[in-house]
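When reading the values below, keep in mind they use all heavy atoms of this one structure, side chains included, and skip hydrogens, waters and symmetry mates.
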Amino acid sequence: MTLLSKSLRNTALAALIGAAGLSLPANAANYAIDPVHTSIGFKIGHLGFAFLTGRFDTFEGNYSFDADAPGQSQVSVKIDTASVNTNFTERDNHLRSNDFLAVGDFPEATFVSKSIEVTGEETGIITGDLTLRGVTREVAIEAAFVGAGEDPWGGHRSGFQGSTKIALADYGIDFDLGPSGREVELILNIEGIRQ
């Protein structure tokens, strides 16, 4: 492995994992997720004919990385469930109802990582707890490094993309969307600014 590819791998790991308010190793670099350049989206089947896509517009999070101890790093994300947006107000209001997200009772969804498995020089699997509608389940996010470096404003950024699939029934959602609507894919494009 070349020094450059090793550096890229370490930066990729930094983009994949982060801090959740824990005490961190001395060499850890902290990143705040940039909401302007980040998207948390989803895709679900609609009656077996096509796919419906949407996103959450309001969220926050951070991550941290120590190249000498990547296994100690973590990521933490908090999502405002009422910010769901599928570009159709009536449908969005239905998604906020008790049939789906029940935002009145559960205004936040969270993800907190527990471990990371490096699967390649620029890929990994982040395992963590996703809490939605008050239910916490372990999920695995397949993630890949996108890039890192200095930005035009004197900062340093890193980014990754990732995805995972969850069964709606696991989170107490049993509204009948047909067989193709029983599972939703979460699609993540994350950019962080080093603090």
Side-chain angles (χ1 to χ4, degrees), residues 15-22 30-64 74-115 125-143 159-193 195:
L16 296 175
I17 51 188
L22 305 175
N30 299 310
Y31 291 80
I33 291 175
D34 178 3
V36 177
H37 297 101
T38 294
S39 64
I40 299 177
F42 58 87
K43 181 174 78 170
I44 189 168
H46 182 242
L47 303 176
F49 303 136
F51 289 96
L52 166 70
T53 61
R55 66 183 187 272
F56 293 95
D57 289 335
T58 305
F59 50 84
E60 61 184 29
N62 52 68
Y63 58 89
S64 179
Q74 296 184 11
V75 61
S76 176
V77 179
K78 187 185 302 182
I79 300 169
D80 175 3
T81 54
S83 72
V84 65
N85 186 348
T86 64
N87 204 32
F88 183 54
T89 301
E90 185 176 344
R91 177 171 55 221
D92 294 343
N93 288 335
H94 189 198
L95 291 176
R96 294 180 185 111
S97 76
N98 289 341
D99 285 341
F100 292 98
L101 297 172
V103 302
D105 294 322
F106 308 104
E108 291 181 350
T110 61
F111 175 80
V112 179
S113 68
K114 300 195 298 188
S115 66
I125 297 175
I126 305 169
T127 301
D129 287 333
L130 174 65
T131 300
L132 179 67
R133 284 177 53 105
V135 177
T136 300
R137 301 276 186 180
E138 187 175 274
V139 299
I141 299 172
E142 295 185 8
F160 72 95
Q161 60 185 5
S163 66
T164 189
K165 292 183 178 180
I166 62 171
L168 296 182
D170 285 348
Y171 294 91
I173 301 172
D174 60 4
F175 191 84
D176 186 10
L177 295 171
S180 68
R182 293 175 183 159
E183 194 173 64
V184 62
E185 181 179 8
L186 301 178
I187 304 164
L188 314 168
N189 290 285
I190 308 297
E191 183 172 308
I193 305 171
Q195 302 300 288

* **R96/L101 under side chain to side chain contact (heavy atoms under 4.5 Å, CB included): CA gap, chis, key distance, verdict** => CA-CA 5 Å; R96 294 180 185 111; L101 297 172; 5.5 Å; no
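- Side-chain contact between L130 and R137 is absent, with no heavy-atom pair separated by less than 4.5 Å.
- D80 and F56 get closest at one heavy-atom pair: O-CD2, 3.9 Å.
- The local environment of CG in N93 is crowded, with over 12 non-hydrogen atoms from other residues, nucleotides or ligands closer than 6.0 Å.
- Atom-to-atom distance recorded for L132:CG and E108:CD is 12.0 Å, nearest 0.5 angstrom.
- In this structure, the side chains of K78 and T110 come closer than 4.5 Å at one or more pairs of heavy atoms.
- In this structure, the side chains of S76 and N62 come closer than 4.5 Å at one or more pairs of heavy atoms.
- Looking at Q195, its side chain does come within 3.5 Å of a backbone N or O of I193 through a donor-acceptor pair.
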* Asked: Could you walk me through whether Y63 and V77 pass the side chain to side chain contact (heavy atoms under 4.5 Å, CB included) check?
  -> CA-CA 9 Å; Y63 58 89; V77 179; over 6 Å; no
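- The two residues G48 and S180 make their nearest non-hydrogen contact at N-OG, 2.9 Å.
- Scanning all heavy atoms of the two residues, the minimum distance from V75 to S113 falls at N-OG, 2.7 Å.
- Closest of all the heavy-atom pairs between I190 and S39 is CD1-O, 4.5 Å.
- Atom CZ of R55 and atom CG of N87 lie 7.0 Å apart (nearest 0.5 Å).
- Under the 4.5 Å side-chain criterion, counting only non-hydrogen atoms from C-beta, I126 is not in contact with V139.
- Judged by distance alone, with hydrogens and angles left aside, the side-chain atoms of R133 form a donor-acceptor pair with the main-chain N or O of Y171 at under 3.5 Å.
- Residue D99 holds its CG atom at 9.5 Å from CG of L177, rounded to the nearest 0.5 Å.
- Under the 4.5 Å side-chain criterion, counting only non-hydrogen atoms from C-beta, V84 is not in contact with F100.
- Closest non-hydrogen pair, T81 versus F106, comes out as OG1-O, 3.0 Å.
- When the salt bridge (Lys or Arg N to Asp or Glu O under 4.0 Å) test is applied to E138, the partners found at least two apart in sequence or on another chain are K114.
- Here CD1 of I40 is found 10.5 Å from CG of D57. Values are rounded to the nearest 0.5 Å.
- Under the 3.5 Å distance criterion, the side-chain polar atoms of D92 are matched with a main-chain donor or acceptor of T86.
- Rounding to the nearest 0.5 angstrom, the gap separating the NZ atom in K165 from the CZ atom in R182 is 15.0 Å.
- Of all heavy-atom pairs between N189 and Q161, the closest is OD1-CB, 3.6 Å.
- Side-chain atoms of I44 and L168, non-hydrogen and from C-beta on, do get closer than 4.5 Å to each other.
- At a threshold of 4.5 Å between non-hydrogen side-chain atoms, the residues S163 and E185 count as touching.
- Of the possible donor and acceptor atoms, none in the side chain of T38 sits under 3.5 Å from a partner among the backbone N and O of P35.
- The closest side-chain heavy-atom distance from I141 to L186 is not below 4.5 Å.
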